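Quick caveat: nothing in here was measured; it's all calculated off a predicted structure. Naming: A, B, ... by sequence-line order, numbering from 1 per chain.
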2 protein chains.
Amino acid sequence: MKVIFNDAQRRHDPKFFLSSGAPRPNPEQPARVDRLLAGAKAAGLARMEPVEHGLGPIAAVHTAEYIQFLDTIRERWARIDGASEEVIPNIHPDRRGGAYPASAVGQAGYHLADTACPISEHTWESAKVSAWTAVTAADEVAGGAPAAYGLCRPPGHHAFKDLAGGFCYLNNSAIAAERLRAKGAARVAILDVDVHHGNGTQGIFYDRGDVLTVSLHADPVRFYPFFWGYAEERGEGAGLGANLNIPLPRGTADDAYLEALEAALKRIRAFAPDALVVALGLDAYAGDPFQGLAITTEGFGRIGAAIAALGLPSVLIQEGGYLSDELGDNLASFLTRFRDAHGKQG
Amino acid sequence: MKVIFNDAQRRHDPKFFLSSGAPRPNPEQPARVDRLLAGAKAAGLARMEPVEHGLGPIAAVHTAEYIQFLDTIRERWARIDGASEEVIPNIHPDRRGGAYPASAVGQAGYHLADTACPISEHTWESAKVSAWTAVTAADEVAGGAPAAYGLCRPPGHHAFKDLAGGFCYLNNSAIAAERLRAKGAARVAILDVDVHHGNGTQGIFYDRGDVLTVSLHADPVRFYPFFWGYAEERGEGAGLGANLNIPLPRGTADDAYLEALEAALKRIRAFAPDALVVALGLDAYAGDPFQGLAITTEGFGRIGAAIAALGLPSVLIQEGGYLSDELGDNLASFLTRFRDAHGKQG
Ligand SMILES: [Zn+2]
Ligand SMILES: [Zn+2]
C-alpha cells in the first residue's frame, strides 16, 4: 500500500479560529503531517507523489462559483481597508437560495460556514494539492491496488459543494468517490470514522442513490458541527435511505464503538458497493485535543481490521486527528491491522 | 407628539463587532441616545416613559425558541470554559429548517446572523424595554395621537422572527406594526428609510398580505446586509406584491432620494393602509460613519415632510444612525418638518 503526499500540502498555515467567540490557535497545523508520515512509514507504506490533475476532478464535486471564490478571495480580501490577515466570515445568509452578493465580505459569509476555515496565502494551493492526493489514491485503487492511503491535508469532510467549514475547503473523500465512479465503480460507499460528523460529504451526496454515506461520530447535540449528524438525516429524493448517521455518546470507548461500527458495516454490505472510501479521521482518540470519544491506539487497529473485512477495494483518505504524542502510532495501528486483514480477504 | 424612552435602554453596551474579519469598536453606542433625545427636544417633543408590557407583544412577532435563547444565552455562555465576554457566533447552519442543537455555541450560530449583534450583560433588558417603547408609541397612535416617536435603542429592523443581526435583537418596527393591528388597524404599511435594507422586517412579513413592507437603502450588492434588499424580492404566497425594495446607488443625495421616495409613497397609497410605521434610521446621512448615501440635514426635513403628506396615523421608530455632530440635528429636522406637514394633513 502506498502513502500519497506532497510537501505543498504543508504550506497552508492557519493561525486562528474562533471557539466560543474567542480567538484560539488553530489546531490544524502543518506539524500533523510529520506524525502522519511517520505512522505510515512505521506501517511499511511506500511514499508516492500525487499527480497534478488540474481542476477537473475538483469541479466534479464543487461548484464553479465556489472554486472561483477560493481562487480569488485572498487577493480581493487584502484590498479591503483594515481587513483581517486571514479571510474570516462575519455575516451569513439565512437561506442559501437567495441572492449572491458581489462583495468579498458577502461572498466570504456565503462560502464559509464557520470561523474555523480561515483562508491565507497558501490555502488554495495546499487544498488543491490535497485534492490531487485524493485523486491519485483513487487512481491507484482504480488501477488495481487493493488499497491506497491519501495523506490529505488540509482535510475535507466538512466541505460541502460550495461551503468550507471546520478546517476543510475541498472535500477530498467526495472527490475520491467521484473519481472511483468516473473510473468505473458504479456504486461507492463512504465510511467516515472521524470524531466529527462528515456533514459536507453527507450534503454533497444527500440526494443521490449511487454513493452511500455512513458516519460514526460524537453526538452533535453539543459537539461540532451542531446542525448536522443526527440519526433522522437519511437522505432525500433518489438518496433517501443512502445516508446513515450513528451519533455516539461523548466518551464512547473501543468496545461500544466496534459494536456501532458493525451496524455501519452491515449497511455498507447491503449497499453492495464496488469500492469503499474511508474518511479516516483519528480524532476519536482518547488523547485528542477535541475530547469527543475515547478510542485507544489498539482500538484504531481493531477498527482497521473490521473495515478491511468488507473485502472492498479501499481508498483511505486522511481527515482530522490533531497533535498528540500518539497521532502517528494511531495511524500505524489502523494501517497495519487494515492491511493484514485486507490481505486475508483479497 | 411625544418621544418615548426609558434609561434602561442605555444599559446594553456592546464592545466589539467583526468587520471584514477584524474586531472593531461597536458603533451602536449608548451615547447615541443623548444626541437623539436632544434632537427630539429641539423639535419640541415632550418625553414619555414606556409602559412595561411583558413578553406578549414581543411574542406576537418573535418565536418562543428565540425569546428563550435571548433570555438565557448570556448565563449559559458564561459557563463555557474560555468563552468570550460577549456572545458571538462562530458557526452557522446552511439551512434553518434542520436540527436545533442543544449547545450554547450551536444556538448562538442559529439565532445570530452575524458578528454585529454581541450579547452582553444588559442586552436582553435593553432590548425588551426598547420593544416596550415601540409598543407604547403604537398605543399612543392607536389611542388617537396623530403620531408618536419611539426612541428605540437597540434598534430592530435587522432582526427576523428568530434571528438577530446588525446591532438588532427585537424588531421594534414589526412589533409596533403588530400592535397597531391588534388595536384595530387592518392593514399597516412599514416604510424603512434606514441606509441599510430592513431585512428582518421584510422576512417577518414576507408571506403576509396585511402588512406592506417598503425599504429604500444603499444597494446591498456591496453593502450590508448583502444577501437581502434586492428589487427582485417581492414577497411570497399571500405576501407576493406586498414587499418593495428600492436599492439606491452608493452616494445618492437628496434630490435623487426624494424622487425614489415618491415611488415608495405611491406604493403605500395603493395599499391604502390604516396606519404607518416609519423605520426611521438616520444613517443615510452624508456624514454618517457608514457612508452609504449622502442625505443632508435639510434632506431629512424634506423626507419627513414627504412622508407626512401621506396623512396617515404614524408611529416613528428609531433605527440606525451613528455618532456624528449632526445626529440630533438630523432627527430634529425630520421631526419638525414631519409634524408641520402632518398637522396640515390631519
Ligand atoms: Zn474531526
Ligand atoms: Zn442602518
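For the options B:Gly98, B:Pro220, B:Ser19, heavy-atom pairs under 4.5 Å to chain A are most numerous at B:Ser19. Comparing A:Leu112, A:Asn90, A:Val221 by heavy-atom pairs within less than 4.5 Å of chain B, the highest count is held by A:Asn90. Heavy-atom pairs under 4.5 Å with chain A peak, among B:Pro101, B:Ala22, B:Ala108, at B:Pro101. If you tally non-hydrogen atom pairs under 4.5 Å between each of B:Gly21, B:Ala99, B:Gly109, B:Pro23 and chain A, the highest count goes to B:Gly21. The most heavy-atom pairs under 4.5 Å with chain B, out of A:Ala113, A:Ala104, A:Pro93, A:Pro118, come from A:Pro93. Ranking B:Asp81, B:Asp114, B:Ile88, B:Asp94 against chain A, the residue ahead of the rest is B:Asp94, based on heavy-atom pairs under 4.5 Å. The residue among A:Pro89, A:Ala83, A:Ser20, A:Ser103 with the most heavy atom pairs within less than 4.5 Å of chain B is A:Ser20.
In this structure, the portion of B:Phe160 lying under 4.5 Å from any heavy atom of chain A is its side chain and not its backbone. With a 4.5 Å cut-off on non-hydrogen atoms, B:Leu18 touches chain A through its backbone and its side chain both.
Here A:His196 and A:Phe223 bring their ring centres to under 6.0 angstrom of each other. Aromatic ring centres of B:His62 and B:Phe69: separated by at least 6.0 Å.
Formation of a donor-acceptor pair under 3.5 Å by the A:Asp194 side chain with backbone atoms of A:Gly320 is found in this model.
The one candidate from B:Glu85, B:Glu86, B:Glu121 that meets the salt bridge (charged side-chain N to carboxylate O under 4.0 Å, His left out) condition with B:Arg74 is B:Glu85. The side chain to side chain contact (heavy atoms under 4.5 Å, CB included) with A:Leu293 is formed by just one residue from the set A:Val193, A:Leu248, A:Asp288, A:Asp283; it is A:Leu248.
Contact detail for A:Gly166 and A:Tyr224: the closest heavy-atom pair is N-OH, 3.0 Å.
For B:Phe16, the CZ atom sits in a loose shell: 12 or fewer heavy atoms of surrounding residues, nucleotides or ligands are nearer than 6.0 Å.
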